[in-house]
Amino acid sequence: MLVRKIWMQKRGNQKETEFAFLCGLLHDLGKVVLFKSYPGKYGPIFAAKKAESEMNICGYEQESFGVDHAVVGEMLSKQWGFPKELAGVIRKHHDPSEAGNPMVAAVMLADHLAKELEIGYDGDHGLNSPVDITEILSKSSISESEWEQLKEFASQECVNIKRFFQIS
Ligand SMILES: [Fe+2]
(Lines give C-alpha, C1' and ligand atoms only; values in the text may rest on other atoms or scores of the structure.)
Protein backbone atom coordinates (compact mmCIF):
# COMPACT_ATOMS: atom_id res chain seq x y z
CA MET A 1 0.00 0.00 0.00
CA LEU A 2 2.79 2.46 0.87
CA VAL A 3 4.82 1.81 -2.28
CA ARG A 4 1.65 2.27 -4.33
CA LYS A 5 0.89 5.55 -2.55
CA ILE A 6 4.44 6.85 -3.07
CA TRP A 7 4.36 5.94 -6.74
CA MET A 8 0.90 7.35 -7.35
CA GLN A 9 1.87 10.63 -5.71
CA LYS A 10 4.89 11.14 -7.94
CA ARG A 11 3.94 9.47 -11.20
CA GLY A 12 0.21 8.88 -11.36
CA ASN A 13 0.43 6.25 -14.11
CA GLN A 14 -2.16 3.56 -13.26
CA LYS A 15 -0.24 0.61 -14.72
CA GLU A 16 3.00 1.62 -13.01
CA THR A 17 1.14 2.30 -9.78
CA GLU A 18 -0.23 -1.23 -9.76
CA PHE A 19 3.26 -2.54 -10.52
CA ALA A 20 4.52 -0.54 -7.54
CA PHE A 21 1.90 -2.25 -5.39
CA LEU A 22 3.17 -5.63 -6.63
CA CYS A 23 6.76 -4.66 -5.84
CA GLY A 24 5.76 -3.66 -2.33
CA LEU A 25 3.86 -6.90 -1.85
CA LEU A 26 6.66 -9.17 -3.08
CA HIS A 27 9.90 -7.37 -2.21
CA ASP A 28 10.60 -9.60 0.82
CA LEU A 29 9.62 -12.83 -0.94
CA GLY A 30 13.06 -14.26 -0.18
CA LYS A 31 12.29 -14.21 3.55
CA VAL A 32 9.39 -16.61 2.98
CA VAL A 33 11.70 -18.95 1.09
CA LEU A 34 14.34 -18.84 3.83
CA PHE A 35 11.76 -19.35 6.56
CA LYS A 36 10.07 -22.26 4.77
CA SER A 37 13.44 -23.85 3.99
CA TYR A 38 15.10 -23.31 7.38
CA PRO A 39 12.41 -22.57 10.00
CA GLY A 40 14.58 -23.65 12.92
CA LYS A 41 17.45 -21.45 11.82
CA TYR A 42 15.59 -18.47 10.34
CA GLY A 43 12.89 -18.09 13.01
CA PRO A 44 15.35 -17.17 15.78
CA ILE A 45 16.78 -14.37 13.60
CA PHE A 46 13.33 -12.77 13.71
CA ALA A 47 12.83 -13.50 17.39
CA ALA A 48 16.16 -12.04 18.52
CA LYS A 49 15.89 -8.56 19.95
CA LYS A 50 18.43 -6.51 18.09
CA ALA A 51 20.44 -3.57 19.34
CA GLU A 52 21.32 -0.59 17.18
CA SER A 53 24.91 -1.71 16.99
CA GLU A 54 24.01 -5.11 15.58
CA MET A 55 23.94 -5.97 11.92
CA ASN A 56 20.74 -5.75 9.93
CA ILE A 57 18.72 -8.76 8.78
CA CYS A 58 20.67 -9.02 5.52
CA GLY A 59 23.85 -9.34 7.57
CA TYR A 60 22.35 -12.14 9.66
CA GLU A 61 21.17 -13.90 6.53
CA GLN A 62 24.58 -13.58 4.89
CA GLU A 63 26.22 -14.96 8.01
CA SER A 64 23.75 -17.85 8.38
CA PHE A 65 23.05 -18.81 4.78
CA GLY A 66 25.75 -17.14 2.71
CA VAL A 67 23.08 -15.17 0.86
CA ASP A 68 20.42 -12.62 1.80
CA HIS A 69 16.68 -12.56 1.15
CA ALA A 70 17.03 -10.06 -1.69
CA VAL A 71 19.14 -12.49 -3.71
CA VAL A 72 16.92 -15.46 -2.79
CA GLY A 73 13.85 -13.46 -3.79
CA GLU A 74 15.38 -12.61 -7.15
CA MET A 75 16.29 -16.27 -7.74
CA LEU A 76 12.73 -17.43 -7.05
CA SER A 77 11.32 -14.60 -9.15
CA LYS A 78 13.37 -15.74 -12.12
CA GLN A 79 12.46 -19.38 -11.54
CA TRP A 80 8.76 -18.46 -11.47
CA GLY A 81 9.09 -16.33 -14.59
CA PHE A 82 8.32 -13.00 -12.96
CA PRO A 83 9.07 -9.93 -15.12
CA LYS A 84 12.74 -8.93 -15.10
CA GLU A 85 11.91 -5.52 -13.67
CA LEU A 86 10.15 -7.07 -10.68
CA ALA A 87 13.01 -9.50 -10.05
CA GLY A 88 15.40 -6.56 -10.23
CA VAL A 89 13.49 -4.50 -7.68
CA ILE A 90 13.36 -7.50 -5.34
CA ARG A 91 17.13 -7.96 -5.74
CA LYS A 92 18.00 -4.28 -5.23
CA HIS A 93 15.60 -3.17 -2.48
CA HIS A 94 18.34 -3.04 0.19
CA ASP A 95 21.07 -1.58 -2.02
CA PRO A 96 21.31 2.21 -1.57
CA SER A 97 23.41 2.49 -4.72
CA GLU A 98 20.33 1.40 -6.68
CA ALA A 99 18.09 4.18 -5.35
CA GLY A 100 18.40 5.96 -8.69
CA ASN A 101 15.84 3.42 -9.93
CA PRO A 102 12.53 5.11 -8.99
CA MET A 103 10.74 1.83 -8.23
CA VAL A 104 13.59 0.63 -6.01
CA ALA A 105 13.55 3.99 -4.22
CA ALA A 106 9.78 3.75 -3.70
CA VAL A 107 10.16 0.31 -2.11
CA MET A 108 13.02 1.54 0.09
CA LEU A 109 11.00 4.54 1.24
CA ALA A 110 7.91 2.47 2.00
CA ASP A 111 10.03 -0.10 3.84
CA HIS A 112 11.63 2.67 5.89
CA LEU A 113 8.27 4.24 6.62
CA ALA A 114 6.79 0.92 7.77
CA LYS A 115 9.70 0.47 10.17
CA GLU A 116 9.52 4.03 11.44
CA LEU A 117 5.80 3.68 12.17
CA GLU A 118 6.30 0.13 13.50
CA ILE A 119 3.86 -1.33 10.99
CA GLY A 120 4.36 -5.06 11.39
CA TYR A 121 7.78 -6.58 11.95
CA ASP A 122 10.02 -7.99 9.26
CA GLY A 123 12.86 -9.13 11.48
CA ASP A 124 14.64 -5.79 11.29
CA HIS A 125 13.79 -2.69 13.30
CA GLY A 126 15.66 -0.49 10.87
CA LEU A 127 17.96 1.20 13.37
CA ASN A 128 20.91 -0.48 11.74
CA SER A 129 19.69 -0.10 8.19
CA PRO A 130 22.31 0.99 5.66
CA VAL A 131 19.67 3.17 3.99
CA ASP A 132 20.29 6.91 4.22
CA ILE A 133 16.76 8.24 3.93
CA THR A 134 17.89 11.74 2.90
CA GLU A 135 19.87 10.28 0.03
CA ILE A 136 16.97 8.09 -1.07
CA LEU A 137 14.57 11.02 -0.91
CA SER A 138 16.82 13.16 -3.08
CA LYS A 139 17.18 10.38 -5.66
CA SER A 140 13.44 9.75 -5.67
CA SER A 141 12.61 13.45 -6.14
CA ILE A 142 10.28 13.34 -3.14
CA SER A 143 10.55 16.53 -1.11
CA GLU A 144 10.74 16.70 2.66
CA SER A 145 7.19 18.07 2.81
CA GLU A 146 5.91 15.24 0.59
CA TRP A 147 7.72 12.79 2.83
CA GLU A 148 6.00 14.28 5.87
CA GLN A 149 2.64 14.00 4.08
CA LEU A 150 3.34 10.34 3.30
CA LYS A 151 4.19 9.69 6.93
CA GLU A 152 0.96 11.36 8.01
CA PHE A 153 -1.00 9.32 5.47
CA ALA A 154 0.58 6.06 6.64
CA SER A 155 0.06 6.95 10.27
CA GLN A 156 -3.62 7.70 9.67
CA GLU A 157 -4.04 4.47 7.68
CA CYS A 158 -2.62 2.56 10.65
CA VAL A 159 -5.23 4.12 12.90
CA ASN A 160 -7.98 3.26 10.41
CA ILE A 161 -6.82 -0.35 10.03
CA LYS A 162 -6.51 -0.86 13.80
CA ARG A 163 -9.95 0.64 14.26
CA PHE A 164 -11.40 -1.63 11.56
CA PHE A 165 -9.90 -4.75 13.14
CA GLN A 166 -10.60 -3.45 16.65
CA ILE A 167 -6.93 -3.58 17.60
CA SER A 168 -5.71 -1.08 20.12
FE1 LIG B 1 13.90 -6.72 2.57
Side-chain angles (χ1 to χ4, degrees), residues 1-7 10 16-80 82-140 142 147 150-151 154 157-158 161:
M1 177 181 76
L2 293 174
V3 180
R4 184 179 185 277
K5 175 72 176 171
I6 289 169
W7 195 267
K10 292 308 290 182
E16 289 182 346
T17 299
E18 296 311 319
F19 184 68
F21 177 78
L22 195 60
C23 288
L25 194 65
L26 296 175
H27 74 280
D28 274 342
L29 179 65
K31 288 181 180 176
V32 179
V33 175
L34 290 173
F35 187 75
K36 290 293 285 181
S37 301
Y38 308 100
K41 197 171 180 181
Y42 199 55
I45 293 174
F46 273 73
K49 183 164 176 58
K50 299 174 184 66
E52 190 171 347
S53 59
E54 292 185 71
M55 63 181 123
N56 62 32
I57 188 113
C58 293
Y60 281 105
E61 292 164 347
Q62 284 281 352
E63 193 175 86
S64 301
F65 307 107
V67 68
D68 67 30
H69 68 274
V71 172
V72 172
E74 180 192 38
M75 291 166 64
L76 185 61
S77 299
K78 287 180 175 175
Q79 190 171 354
W80 283 356
F82 285 4
K84 281 183 181 176
E85 189 182 359
L86 176 57
V89 171
I90 289 171
R91 169 70 179 87
K92 299 168 185 171
H93 78 274
H94 284 292
D95 184 352
S97 72
E98 296 289 346
N101 176 324
M103 195 63 76
V104 172
V107 171
M108 287 176 170
L109 289 171
D111 210 18
H112 183 87
L113 192 50
K115 285 178 175 59
E116 191 171 308
L117 295 174
E118 299 179 341
I119 300 171
Y121 178 64
D122 67 352
D124 199 354
H125 53 52
L127 293 174
N128 43 16
S129 169
V131 171
D132 176 349
I133 199 65
T134 307
E135 180 188 347
I136 306 302
L137 281 174
S138 68
K139 288 182 177 175
S140 69
I142 292 177
W147 178 239
L150 284 166
K151 288 200 296 193
E157 285 298 302
C158 279
I161 290 167

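Read the numbers this way: they start at 1 and go in the same order the structure lists the ligands and their atoms.
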Spacing of L26 atom CG and F82 atom CZ [to the nearest 0.5 Å]: 5.5 Å

Every N, O or S from the protein that is nearer than 2.8 Å to the Fe ion (ligand 1): D28 OD1, H69 NE2, H93 NE2, H94 NE2

Distance in Å, K92 NZ paired with E98 CD, rounded so as to fall on 0.5 Å steps: 4.5 Å

Nearest heavy-atom neighbours spanning S77 and A87: CB-CB, 3.7 Å

Distance-minimising heavy-atom pair for G24 and V107: N-CG2, 4.5 Å

Donor-acceptor contact below 3.5 Å, side chain D68 vs main chain V71: yes

Whether H69 and H93 hold their rings parallel, tilted or perpendicular, with breakpoints at 30° and 60°: tilted

